[in-house]
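Just so it is clear, the model here is predicted, and its values are computed rather than measured. A note on names: the letters A, B, ... follow the listed sequences, proteins ahead of strands, and every chain is numbered from 1.
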Amino acid sequence: GAGVSQSPRYKVAKRGQDVALRCDPISGHVSLFWYQQALGQGPEFLTYFQNEAQLDKSGLPSDRFFAERPEGSVSTLKIQRTQQEDSAVYLCASSLGTGGWSNQPQHFGDGTRLSIL
Amino acid sequence: QKEVEQDPGPLSVPEGAIVSLNCTYSNSAFQYFMWYRQYSRKGPELLMYTYSSGNKEDGRFTAQVDKSSKYISLFIRDSQPSDSATYLCAMRGGGSNYKLTFGKGTLLTVNP
């Protein structure tokens, strides 16, 4: 497809379960970002990949959050032992250039809406 | 105080009106300024992308950046019901700084 694809679109889990969220970036995009968007708020940065390297994970809320991009394309955000405060929309974005040294904008997917019961 | 402030609205206007949306920010290192449109249950869609101060026009949309006042605006002319969405401002620094910092978003409704 032409855009960033995320799956599943909706995920409901019980507190304490592990979840995995997938992101397929635009083909050829080097940079990949994950953001968390709480209800009524703007997206907040979680982590950044340049190809397969995770260069910044400073926004991950806790060590229960883990992201990977092993082959430099598809990325997975995993949340272990989910808590109710993890309920949010998780957005993935990709851009053509290498992070900040490029003026290429970030293009977003439609997100995964995660609800923790 | 958050780095980026944006009035969440809601803002309701009649079809054909000129809409003005704005954000203020506190971080003088921001150099790239963006406006995203987000429809309900969809991801943010890039509308305008500007570097440093000045104006940029694209169809019915005009983005303005005033770095001296730390103030950015988005104007929508001849607003349409299809413009009804949440508008998010976003910004980042230059050089190696890639993180986008967003405002809360303004919910706009254009009434037919």
With a sphere of 6.0 Å drawn around [atom1] of [X], does it hold more than 12 non-hydrogen atoms of other residues, nucleotides or ligands?
{"X": "E71(A)", "atom1": "CD", "answer": "no"}
{"X": "L117(A)", "atom1": "CG", "answer": "yes"}
{"X": "R64(A)", "atom1": "CZ", "answer": "yes"}
{"X": "E44(A)", "atom1": "CD", "answer": "no"}

Check: Considering only heavy atoms, which portion of P44(B) lies under 4.5 Å from any heavy atom of chain A: side chain, backbone, both, or neither?
Finding: both
Item checked: Y51(B), part contacting chain A, at a heavy-atom distance under 4.5 Å ->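 It is neither, since no heavy atom gets under 4.5 Å.
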Notebook entry, point to check: Which residues in residues 63-70 of chain B have a heavy atom less than 4.5 Å from any heavy atom of chain A?
Noted result: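 Not one residue of residues 63-70 of chain B has a heavy atom under 4.5 Å from chain A.
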Do [X] and [Y] belong together in a cluster built from hydrophobic side chains that touch within less than 4.5 Å?
{"X": "L60(A)", "Y": "F49(A)", "value": "yes"}
{"X": "F108(A)", "Y": "W34(A)", "value": "no"}
{"X": "Y90(A)", "Y": "F66(A)", "value": "no"}
{"X": "L21(A)", "Y": "L91(A)", "value": "no"}

Margin query: Do D56(A) and Y98(B) have side chains that approach each other closer than 4.5 Å (heavy atoms only, starting at C-beta)?
Written below: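 Yes, side chains in contact.
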Check: How many angstroms lie between atom OH of Y35(A) and atom CG of L100(B), to the nearest 0.5 angstrom?
Finding: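 Separation between the atoms: 3.5 Å.
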Checklist line | Inter-residue atom distance Y36(B).OH - Q106(A).CD, 0.5 Å rounding | finding: 5.5 Å
Next item on the list: Identify the two heavy atoms, one from P105(A) and one from L46(B), that lie closest to each other, and give their separation to 0.1 Å.
Entry: CB-CD2, 3.4 Å
Note to self: Quick check: closest heavy atoms across K99(B) and S58(A), and the distance to 0.1 Å?
What the structure shows: NZ-OG, 2.9 Å
Next item on the list: Determine yes or no for a side-chain-to-main-chain donor-acceptor pair under 3.5 angstrom, with Q38(B) supplying the side chain and G42(A) the backbone.
Entry: no
Note to self: Could you check whether any side-chain N or O of R41(B) sits under 3.5 Å from a backbone N or O of R113(A), counting only pairs where one atom can act as donor and the other as acceptor?
What the structure shows: no
Margin query: Looking only at heavy atoms and a cut-off of under 4.5 Å, which of D110(A), V89(A), V4(A) has the most pairs with chain B?
Written below: D110(A)
Checklist line | Interface residue of largest heavy-atom contact number with chain B, from P43(A), A93(A), G40(A), C92(A), under 4.5 Å | finding: P43(A)
Margin query: Does any backbone or side-chain atom of Q6(A) lie under 4.5 Å from a heavy atom of chain B? Answer side chain, backbone, both or neither.
Written below: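 No part of Q6(A) comes within 4.5 Å of chain B.
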Checklist line | Closest-packed option against chain A by number of heavy-atom pairs under 4.5 Å, given A90(B), C89(B), G43(B) | finding: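 Ranked by heavy-atom pairs under 4.5 Å with chain A, first place is G43(B).
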